[in-house]
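This structure is a prediction, so every number in the text was calculated from the model and none was measured. Scope of the values below: all heavy atoms of this structure, side chains included, with no hydrogens, waters or symmetry mates.
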Amino acid sequence: MKTKYIFSMGEIKRKDNSIAFRNEKGWKYIPIEAVREIYFMNEVSINSKFLDFCARAGIILHFFNYFGNYSGSFYPKEKYISGNLTIKQAITFQNERLSIAKAIVLGISENIYEVLYHYFRHGKSELQEFLRYLREDIPRFIEKTDNINKLLFIEGNIWAGFYDSFKYFLPEEFLFNKRVKRPPDNPLNALISFGNTLLYTKTISAIYQTHLDQSISFLHSPSESRFSLSLDLSEVFKPVIVFRSIFDLVNRKKLKVERHFEKKFNYALLNEEGKKIFISAFEERLNEKFKHKTLKRMVSFHTAIKLDGYKLIKYLIQKEEFKPFSLKEKR
């Protein structure tokens with residue numbers, strides 16, 4: 001089961017038991033068994049017959065506009081529904097939201113530490129103070145926090161410190177003064193926004209395979225987005241999947257400002273070639289397998305996202321400690 005990315009304009013429809021896509025080069029047929037999700041990165045005509053075909057096969061469709069901004073997802077009728085679990089999820093939100101949100105923020109901090117420690121080991125001694133802050137201060141601050149707003153403030157400081165550390169190991173042309181999302185104002189902001197959105201949609205697809213309710217979240221407010229639980233569970237994977245992909249592509253000069261970003265948008269938008277390069281690295285990272293310390297078997301980061309969903313279910317049902325994915329599990 002694979003992810004399909006469609007970059008060209010065209011038409012897509014059902015043809016017998018296959019997916020048929022037509023662009024200026026002609027028709028291309030895709031066996032439905034080989035597809036788990038489809039990303040549309042350009043304008044495509046779709047009919048209701050095709051949507052019904054995808055719904056019955058459990059295929060999720062993610063739509064992006066020309067600028068690389070996420071437009072939305074076609075989310076098939078849920079296969080895994082559990083009223084009991086939804087009730088427990090809602091009760092846990094009411095009574096124990098802070099506990100789960102704290103675990104997520106601690107997970108973000110730990111994974112950022114692991115990512116930056118790589119650069120510290122390779123001579124970037126300037127990172128030492130921020131690493132100490134993540135290892136010693138952040139766990140203490142989180143432990144003492146007694147409400148969600150204070151916790152969000154701590155999370156904001158973690159990300160701000162992370163962004164500030166880029167000046168020690170990224171080339172000058174990819175540095176920024178601050179994180180700007182809508183719209184991104186330079187190449188690095190464009191990469192982060194694009195990568196975070198891809199990870200968010202991957203998490204939507206992963207949670208679809210569980211009995212969790214996508215709308216009941218813990219760190220993010222449930223009113224922010226219908227799929228706010230995907231925002232929650234994707235957070236700890238951002239440093240591991242999105243930022244590691246960016247750092248690798250930029251430092252190895254596989255992405256260049258003049259060549260892979262749109263000049264007419266002041267280089268704040270990836271062009272098609274740039275998107276393809278990033279997606280290739282992102283998918284490779286997502287599907288990278290490692291020996292899971294607890295499970296004692298090989299799993300991919302993609303599987304690890306779904307496993308975090310199962311961990312949350314265990315917490316909701318059995319009160320088993322919820323500890324999101326940590327890069328330490330890879331060892």
Side-chain angles (χ1 to χ4, degrees), residues 5 7 39 41 64-71 108-109 111-120 122-124 126-127 129-131 133-134 155-203 231 234-286 288 301 327:
Y5 289 91
F7 286 92
Y39 283 73
M41 313 304 290
F64 289 69
N65 63 22
Y66 170 79
F67 301 103
N69 296 323
Y70 175 62
S71 301
I108 295 168
S109 176
N111 285 338
I112 285 178
Y113 178 92
E114 293 294 324
V115 169
L116 290 182
Y117 190 73
H118 164 80
Y119 294 98
F120 176 71
H122 288 81
K124 303 300 179 186
E126 303 92 336
L127 295 169
E129 179 56 28
F130 184 56
L131 289 172
Y133 170 73
L134 292 176
E155 186 209 2
N157 284 339
I158 293 170
W159 286 114
F162 184 47
Y163 299 145
D164 187 57
S165 72
F166 295 171
K167 61 179 180 281
Y168 300 124
F169 55 86
L170 288 186
E172 189 175 351
E173 62 181 347
F174 277 97
L175 295 181
F176 58 15
N177 292 322
K178 64 178 181 178
R179 177 81 177 102
V180 177
K181 299 179 183 177
R182 300 184 187 90
D185 65 347
N186 67 18
L188 185 56
N189 271 315
L191 281 170
I192 296 172
S193 292
F194 190 59
N196 284 349
T197 304
L198 285 178
L199 182 60
Y200 167 65
T201 55
K202 289 288 180 181
T203 311
L231 293 173
S234 66
E235 287 288 346
V236 302
F237 291 93
K238 286 180 180 176
V240 181
I241 297 172
V242 176
F243 285 92
R244 273 188 161 180
S245 298
I246 292 173
F247 299 160
D248 183 63
L249 290 170
V250 169
N251 283 328
R252 292 176 185 271
K253 301 189 185 306
K254 293 179 180 176
L255 279 177
K256 297 180 179 177
V257 172
E258 297 79 10
R259 182 174 174 183
H260 298 117
F261 293 83
E262 294 272 6
K263 186 176 182 180
K264 64 182 178 181
F265 292 105
N266 201 25
Y267 297 113
L269 180 68
L270 274 165
N271 62 22
E272 184 174 322
E273 184 183 359
K275 287 175 189 171
K276 287 181 177 177
I277 291 172
F278 183 84
I279 286 171
S280 176
F282 177 86
E283 284 286 337
E284 186 177 338
R285 183 80 60 188
L286 195 67
E288 177 186 333
F301 287 116
L327 269 174

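The heavy-atom pair separating Ser71 from Phe64 by the smallest distance is OG-C, 3.9 Å. Across all their heavy atoms, Leu269 and Phe67 have their closest contact at CD1-O, 2.7 Å. Between Ser245 and Phe278, the shortest heavy-atom contact is CB-CE1, 4.2 Å. When all heavy atoms of Leu175 and Lys167 are compared, the pair lying nearest together is CD2-CA, 3.7 Å. What you find for Phe194 and Gly68 is that their closest heavy atoms are CD1-O, 3.7 Å. Considering every non-hydrogen atom in both Asn65 and Lys275, the closest pair reads O-NZ, 4.4 Å.
Put simply, the residue from Leu327, Ile241, Leu116 that forms a side chain to side chain contact (heavy atoms under 4.5 Å, CB included) with Asn111 is Leu327.
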Just list the side-chain donor-acceptor pairs under 3.5 Å for residues 248-256, sequence neighbours left out, or say none.
| unit_1 | atom_1 | unit_2 | atom_2 | d |
| --- | --- | --- | --- | --- |
| Asp248 | OD1 | Arg252 | NE | 2.4 |
| Asn251 | ND2 | Phe169 | O | 3.3 |
| Asn251 | ND2 | Phe247 | O | 3.3 |

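A heavy-atom distance below 4.5 Å is not found between the side chains of Glu114 and His118. Between Tyr117 and Leu127, every side-chain heavy-atom pair lies at or beyond the 4.5 Å cut-off. Looking at Trp159 and Ile112, their side chains come closer than 4.5 Å, going by heavy atoms from C-beta outward. Within the 4.5 Å cutoff, the side chain of Lys263 has no heavy atoms near those of the Glu258 side chain. Side-chain contact between Arg244 and Phe282 is absent, with no heavy-atom pair separated by less than 4.5 Å. With contacts defined as side-chain heavy-atom distances shorter than 4.5 Å, the pair Leu188/Ile246 qualifies. A 4.5 Å side-chain heavy-atom check between Glu126 and Phe120 finds every atom pair outside the cut-off. When side chains are defined from C-beta on, Phe243 counts as touching Tyr163, because their heavy atoms get closer than 4.5 Å.
The distance from atom CG of Asn186 to atom CG of Leu191, rounded to the nearest 0.5 Å, is 9.0 Å. Here Leu270 contributes atom CG and His260 contributes atom NE2; the two are 9.5 Å apart, rounded to the nearest 0.5 Å. Separation of atoms CG (Leu198) and OG (Ser234) is listed at 11.5 Å; rounding is to 0.5 Å. Taking OG1 from Thr197 and NZ from Lys202, the interatomic distance works out to 13.5 Å, rounded to the nearest 0.5 Å. In this structure, CG in Asn157 is found 11.5 Å from CG in Asp164, a value given to the nearest 0.5 Å.
In this structure a side-chain-to-backbone donor-acceptor pair under 3.5 Å is missing from Ser280 to Lys276.
Side-chain contact, Thr201 with Tyr39: a donor N or O sits under 3.5 Å from an acceptor N or O.
Heavy-atom contacts from other residues, nucleotides or ligands closer than 6.0 Å to CD of Glu288 number more than 12.
Residues satisfying the side-chain contact (heavy atoms from CB on, under 4.5 Å) criterion with Ser109, sequence neighbours excluded, are Leu134, Ile138, Ile158.
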Intermediate values then yes/no, side-chain contact (heavy atoms from CB on, under 4.5 Å), Ile108 and Lys238 = CA-CA 8 Å; Ile108 295 168; Lys238 286 180 180 176; over 6 Å; no
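Between Tyr70 and Tyr200, the distance from one ring center to the other falls under 6.0 angstrom. In this structure, Phe166 has its ring center no closer than 6.0 Å to that of Phe174.
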